[in-house]
Amino acid sequence: MITRDEISILLDHPVYDGDGNKIGDAKHVFLDDASGRPEWVTVKTGMFGSSESFVPMRDAALVKDHLEVPYRKDKVKGAPNVDIDAGGHLSVDEEQRLYEYYGINWDSVLTDPGEHDRGTGTGTAGTAGAAGAAGAAGAAGAAARPGGAAGTPGAAGSAGHRAEARTGPRDDAMTRSEERMHVGVERRETGRARLRKYVVTEEVQQTVPVRHEEVRVEREPITEANRGEAMEGPEISEAEHEVTLHEERPVVTTETVPVERVRMTTEEKSEDTTVRGSVRKERIEAETEMDEESGRRGRDVPGKGRE
């Protein structure tokens with residue numbers, strides 16, 4: 001069992017589950033109003049510590065500089081959310097709901113050792129109920145357990161409120177908190193691009209010169225120079241002479257030649273994107289109530305003066 005003297009050691013320190021996994025950091029400790037024993041610790045979980053889960057301290061152990069609880073990380077993160085009243089107290093109904101979630105029998109809570117320290121009756125415990133001993137934990141309020149003898153099994157009534165423990169001297173100041181927005185980026189797939197090669201046929205035209213042979217009849221008169229050749233044959237006869245004609249025709253052939261190389265690459269472009277979100281902020285106002293004789297009633301609002 002964690003003692004009140006150890007509260008200041010475990011606050012803002014890591015909390016681990018039974019498998020050695022870090023659950024989060026301990027942020028607040030809630031004490032029993034009557035006995036002053038630490039009953040619950042809240043653990044900041046989730047991204048940026050955005051969630052706060054209650055964990056019972058009855059079976060927790062302080063190991064060096066961290067707290068170990070016998071519950072798995074996912075069990076703690078799934079604990080029900082509870083409402084804390086303005087005085088920093090955990091109500092009986094909320095406490096019973098948490099014990100049922102962690103599988104702790106409510107009757108065993110009522111008969112825990114040391115229950116005789118809780119006292120009887122329905123009066124307010126005051127500062128002695130939660131902050132009297134050791135001076136390490138702060139104020140507590142609310143009522144002690146009502147009903148019969150607290151240590152008797154089956155006694156009537158239910159457990160008292162749990163007040164939040166605070167280390168150091170009592171401070172009358174309030175803490176104002178606000179949410180901060182953290183924006184990150186994620187990489188996702190937006191599409192695909194591919195290169196595809198296919199064949200097309202197109203008509204091309206090219207002009208080339210071609211030659212051919214034609215017959216031309218040449219006649220020459222008989223002269224002294226060619227008379228001998230002209231008189232060699234018979235005087236009157238039939239004869240023929242043949243020549244072969246030629247022409248050129250275009251012949252088409254094709255060849256494949258490389259003309260270019262094509263590849264695909266990607267490049268990153270940066271641009272500014274405006275992200276809008278909602279964050280909550282706490283505001284603190286002061287109200288003053290005077291008796292009827294003075295006839296004055298004041299209210300301090302931040303940003304406005306009082307006359």
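We're numbering straight along the sequence, starting at 1.
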Measure the shortest side-chain to side-chain distance between [X] and [Y] over non-hydrogen atoms and say whether it is less than 4.5 angstrom.
{"X": "Val210", "Y": "Pro250", "result": "yes"}
{"X": "Leu31", "Y": "Val29", "result": "yes"}
{"X": "Leu67", "Y": "Pro14", "result": "no"}
{"X": "Thr190", "Y": "Arg188", "result": "yes"}
{"X": "Lys27", "Y": "Asp12", "result": "yes"}
{"X": "Pro38", "Y": "Thr3", "result": "no"}
{"X": "Val15", "Y": "Leu10", "result": "no"}
{"X": "Val76", "Y": "Asp17", "result": "no"}

Between [X] and [Y], what is the shortest heavy-atom contact and its length?
{"X": "Ile222", "Y": "Ala230", "value": "CD1-CB, 3.6 Å"}
{"X": "Arg97", "Y": "Pro80", "value": "NH1-CB, 3.2 Å"}
{"X": "Pro56", "Y": "Ile104", "value": "CG-CD1, 3.9 Å"}

[X] side, atom [atom1]; [Y] side, atom [atom2] - distance, nearest 0.5 Å:
{"X": "Asp19", "Y": "Glu68", "atom1": "CG", "atom2": "CD", "answer": "10.5 Å"}
{"X": "Asn21", "Y": "Lys73", "atom1": "CG", "atom2": "NZ", "answer": "6.5 Å"}
{"X": "Glu95", "Y": "Glu100", "atom1": "CD", "atom2": "CD", "answer": "11.5 Å"}
{"X": "Leu62", "Y": "Met57", "atom1": "CG", "atom2": "CE", "answer": "8.5 Å"}
{"X": "Glu6", "Y": "Ser8", "atom1": "CD", "atom2": "OG", "answer": "9.0 Å"}
{"X": "Arg227", "Y": "Glu232", "atom1": "CZ", "atom2": "CD", "answer": "13.5 Å"}

Counting neighbours of [atom1] on [X] that are heavy atoms of other residues, nucleotides or ligands and sit closer than 6.0 Å, is the number greater than 12?
{"X": "Asn81", "atom1": "CG", "result": "no"}
{"X": "Met231", "atom1": "CE", "result": "no"}
{"X": "Glu229", "atom1": "CD", "result": "no"}
{"X": "Arg180", "atom1": "CZ", "result": "no"}

From CA spacing to verdict: side-chain contact (heavy atoms from CB on, under 4.5 Å), Arg283, Arg176: CA-CA 7 Å; Arg283 293 287 186 260; Arg176 188 181 69 85; 3.3 Å; yes
ILVMFWY cluster, Val63 and Ile9 together (side-chain gap under 4.5 Å): no
Test: Glu271 and Lys269 ion pair at under 4.0 Å: no
Ile23 vs Val69, side-chain contact (heavy atoms from CB on, under 4.5 Å): CA-CA, chis, key distance, verdict: CA-CA 10 Å; Ile23 303 174; Val69 295; 3.8 Å; yes
Test of ring centre spacing under 6.0 Å for Phe54 and Phe30: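 Yes, the ring of Phe54 comes within the 6.0 Å limit of the ring of Phe30, centre to centre.
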Distance-only polar pair, side chains of Glu94 and Tyr99, donor-acceptor under 3.5 Å: no
Quick check against the 3.5 Å criterion: does [X] have a side-chain atom that pairs as donor or acceptor with the backbone of [Y]?
{"X": "Thr42", "Y": "Ser53", "result": "no"}
{"X": "Glu248", "Y": "Arg211", "result": "yes"}
{"X": "Glu179", "Y": "Arg280", "result": "yes"}

Step-by-step salt bridge (Lys or Arg N to Asp or Glu O under 4.0 Å) determination, Lys197 to Glu260: CA-CA 13 Å; Lys197 184 171 70 171; Glu260 66 177 350; over 6 Å; no
Derivation and outcome, side-chain contact (heavy atoms from CB on, under 4.5 Å), residues His246 and His212: CA-CA 6 Å; His246 298 86; His212 69 279; over 6 Å; no
Worked check of side-chain contact (heavy atoms from CB on, under 4.5 Å) between Val43 and Glu52: CA-CA 5 Å; Val43 183; Glu52 194 167 353; over 6 Å; no
Counterpart residues, ring-ring contact (aromatic ring centres under 6.0 Å, His included), relative to His13 (two or more places apart): none
Residue pairs involving residues 55-76 (criterion ring pair (Phe, Tyr, Trp, His ring centres under 6.0 Å); sequence neighbours excluded):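 Ring pair (Phe, Tyr, Trp, His ring centres under 6.0 Å) check on residues 55-76 returns Tyr16-His66, Tyr71-Tyr102.
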